[in-house]
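Have a look at the structure below, then the notes.
Since the structure is predicted, the reported quantities are computational estimates derived from the model, not experimental observations. Just follow the structure's listing: the first ligand is 1, and inside any ligand the first atom is 1.
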Amino acid sequence: MTNLTFKINRAFDFAAQQLRRLIETQPDYFPMYTQNGKWKHGGEAWTNWCEGFLGGQLWLLYERTREDYWRAQAEHYSRLIEHRRTDRNVHDLGFLFWSTYKRWYDLTGDPAIKKVVVQAGQTMGLRFKARGQYLRSFVADESLFIDIMMNVGIIFYAAQQTGDADLLRKATQHCLTTRKYFVRGDGSTSHEGIFDLNTGEFLRQTTHQGYRNDSSWARGLTWALYGFGTAYSFTRDARLLQTAEACANFYIERTPANGVPPNDWDEPNPGSRYESSAAAIAAGGLWNLAQLTGDAARARLYRDYALTILDTLTEPEFLAIDTPGWEGILKHGCYHQRKGLGVDESVMWGEYFFLEALSKAERAVN
Ligand code: GLY
């Protein structure tokens with residue numbers, strides 16, 4: 001057994017233990033971030049975008065173990081969010097349904113389950129602003145978030161499954177607008193962009209969770225790295241692959257050798273040293289890019305870098321295995337530094353993308 005195989009097994013066993021405790025002690029509760037390592041608290045949500053990540057982890061455990069317990073829990077926590085397929089208040093239906101119903105459909109081929117995924121994608125498509133050619137964020141009509149790149153995949157899927165050319169055009173245009181105004185010459189990304197609603201003119205780059213409007217919030221960059229790769233896999237539009245690779249190169253150039261960035265690369269005094277959820281997302285996105293790029297040397301670089309990240313995140317410095325009383329799996333994540341939410345804590349999407357990246361690596365090393 002290689003060291004990485006040992007560490008992946010250990011991480012999954014620990015994840016199963018933590019998740020079983022969570023769902024048995026707090027049934028039907030959807031946590032977002034920990035406070036002092038505890039999931040249940042009265043802290044602000046800001047926006048409701050995380051309800052798919054618990055079911056998503058349960059599906060990942062079922063895919064790995066094929067145990068009925070995880071299957072029943074995964075179905076239960078997926079069903080609890082089914083009504084969100086028509087939710088027009090958030091730009092996050094990809095996060096909710098790709099991690100749950102899409103996994104469920106891939107396992108079963110059940111058309112009723114696919115219908116939920118397609119409807120969620122169609123709902124996301126309703127966010128499209130013709131003036132400006134983008135999908136609006138949850139904040140306002142004039143606002144576009146980089147995070148939406150990670151949710152646009154479900155629109156491509158809905159368009160593909162229904163043969164809806166207009167939906168396909170909207171998803172593609174959103175990606176090209178984001179590419180044009182958010183991804184800078186060095187591959188760094190803006191978090192938010194503001195448009196003129198009357199003319200569609202792009203006005204300025206802004207941020208909510210990063211250090212400054214002209215800096216690069218790490219998780220946002222990893223949403224772009226991963227999301228542009230997904231968009232390329234649907235469209236085969238070379239511009240989208242080139243953008244994903246530009247983001248990947250920025251990440252690799254600017255991040256310490258252990259593969260874990262701070263919340264924002266430009267911040268002189270970060271609230272905490274690490275943003276581990278960004279690293280987990282980067283690992284999964286780089287793993288995908290290694291399959292998508294046409295260049296063998298870059299494929300090797302992305303794959304090796306993803307493995308470096310996972311090697312780091314499976315050490316007890318990040319994996320909470322030696323931290324008594326800690327309820328999460330992965331420590332040192334960050335939700336919203338400016339608001340003081342979930343800083344240096346476990347975060348639900350970090351847990352999900354960590355397990356997802358471990359699954360990809362496990363399938364390849366075994
Ligand atoms: N709002 C999504 C995120 O914090 O990444």
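- Taking both residues in full, the closest heavy atoms of G153 and F234 are given as O-CE1, 3.7 Å, listed atom of the first, atom of the second, then distance.
- Looking at D186 and S188, their side chains do bring a donor and an acceptor atom within 3.5 Å of each other.
- The shortest N or O to N or O distance between W349 and ligand 1 is not below 3.5 Å.
- Contact annotation: for Q209 versus ligand 1, heavy atoms closer than 4.0 Å belong to the side chain alone.
- Using a cut-off of 4.0 Å between Lys/Arg side-chain N and Asp/Glu carboxylate O, R103 and E63 are scored as salt-bridged.
- In this structure, atom 1 (N) of ligand 1 lies nearest to the protein heavy atom D147 OD2, 3.2 Å.
- Residue-ligand proximity: Y33 is placed with every non-hydrogen atom at 4.0 Å or more from ligand 1.
- By the 30° and 60° cut-offs, the orientation of the rings of W104 relative to W59 is tilted.
- Of the heavy atoms in W223, only side-chain atoms (C-beta onward) come closer than 4.0 Å to ligand 1.
- Judged by distance alone, the side chains of R179 and Q242 do bring a donor and an acceptor atom under 3.5 Å apart.
- Residue contact check: R219 has heavy atoms under 4.0 Å from atoms 3 (C), 4 (O), 5 (O) of ligand 1.
- When heavy-atom distances to ligand 1 are checked against a 4.0 Å cut-off, F145 has no atom that comes that close, whether in backbone or side chain.
- A donor-acceptor contact closer than 3.5 angstrom links the side chains of S277 and E275.
- For ligand 1, the atoms sitting less than 4.0 Å from at least one non-hydrogen atom of Y335 are 4 (O), numbered in the order shown with element in parentheses.
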